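Note that the coordinates shown come from a computational prediction; the quantities given were computed from them, not determined experimentally. As the structure lists them, so they are numbered: ligands from 1, and atoms in each ligand from 1.
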Amino acid sequence: MNKRVCIFCGANTGNSSEIIQQALVLCDLLVEAGYDLVYGGGETGLMGLCANRFIASGRAVIGIRPKKLIADENSHSGLTELIVVETMSDRKNKMIELSDFFIALPGGTGTLDEIIETYTLHKIGFINKPSGVLNTDGYYDGLKILLDKMDDKGFLKEAAKDLLVIADTPDALMSEMRLD
Ligand code: AMP
């Protein structure tokens, strides 16, 4: 079975062509490295664009969605598998179970929630699966400042902070997470 990357990213597309372009470059690198995709299962936004990239390259793509979202909007029609769960928590647990590592691209609060959860579970030893963040155009500089503040004020140990890989380019993220 191929290893799987779980990608968290915007359900919206955003308004930055650089963010979209860099997200797709990273998808291509992950495809070339042989990874299949686990994600939120929607067809819209940056999320949908990334899924399309994996699907077009012939990789397996697993979408995981709660019933409520399926009732509200279309799921992606090209998925290898759609897994339907009850709640958003069930969904995150399933994403974590099925994936080998996690990457956050730019997105909104949903994306932030997801990557902080996987990083925190790794940090406290509930999972041994790394998390990384693509910091295109400094999108996550604010998160870096907050993590440094937590370290500075004694709420986050430096070694634990370094478990979350934050890289400015797709190439740097691939090599810092040792994915290539
Ligand atoms: P946000 O960053 O707030 O746009 O939320 C996007 C993240 O939350 C994605 O990584 C998805 O896993 C999840 N998510 C939020 N909205 C949806 C949706 N409509 N369909 C599927 N997943 C979603």
> Is it true that C9 lies under 4.0 Å from ligand 1, counting heavy atoms only?
Replying inline: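 Distance cut 4.0 Å: C9 passes for ligand 1.
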> Would R91 count as a contact of ligand 1 if the rule is a heavy atom under 4.0 Å away?
Replying inline: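 Flag set, R91 near ligand 1.
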> At what distance is the nearest protein heavy atom to atom 8 (O) of ligand 1, and which residue and atom is it?
Replying inline: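 Looking at atom 8 (O) of ligand 1, the protein heavy atom closest to it is E114 OE2, 3.3 Å.
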> When you measure from atom 3 (O) of ligand 1 to every protein heavy atom, which one gives the shortest distance, and what is it?
Replying inline: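 For this ligand atom, the closest protein heavy atom is G110 N, 2.9 Å.
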[X] heavy atoms, cut-off 4.0 Å: which ligand 1 atoms fall inside?
{"X": "T111", "result": "1 (P), 2 (O), 5 (O), 6 (C), 7 (C)"}
{"X": "E73", "result": "18 (C), 19 (N), 20 (N)"}
{"X": "F8", "result": "10 (O)"}
{"X": "R65", "result": "18 (C), 19 (N), 20 (N), 21 (C)"}
{"X": "G40", "result": "12 (O), 21 (C), 22 (N)"}

Minimum-distance pair of heavy atoms, taken over all atoms of [X] and [Y]:
{"X": "G132", "Y": "I115", "value": "O-CD1, 3.6 Å"}
{"X": "G40", "Y": "R65", "value": "O-CG, 2.9 Å"}
{"X": "L24", "Y": "L49", "value": "CD2-O, 3.8 Å"}

> Can you check whether D100 reaches Y35 side chain to side chain, under 4.5 Å on heavy atoms?
Replying inline: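 A side-chain contact is absent here, since even the closest heavy-atom pair is not under 4.5 Å.
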>> Below 3.5 Å, N or O to N or O, backbone or side chain included: is there any such pair between A11 and ligand 1?
In response: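 There is such a contact, yes.
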> Taking 4.0 angstrom as the limit, do D36 and R59 come out as a salt bridge?
Replying inline: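 Counted as a salt bridge, because a side-chain N and a carboxylate O are separated by less than 4.0 Å.
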> At a non-hydrogen distance cut-off of under 4.0 Å, which region of L69 contacts ligand 1 (side chain, backbone, both, or neither)?
Replying inline: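 Only the side chain of L69 comes within reach of ligand 1.
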> Would a hydrophobic clustering, with Ile, Leu, Val, Met, Phe, Trp and Tyr connected at side-chain separations under 4.5 Å, put F155 with L164?
Replying inline: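 Cluster IDs for F155 and L164 match.
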> Short question: side chain of T136, backbone of I19 - any donor-acceptor pair under 3.5 Å?
Replying inline: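 Side chain of T136 to backbone of I19: no pair is present.
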>> side chain to side chain contact (heavy atoms under 4.5 Å, CB included), that's the test. Do I7 and C27 meet it? Break it down for me.
In response: CA-CA 9 Å; I7 294 185; C27 288; 4.2 Å; yes
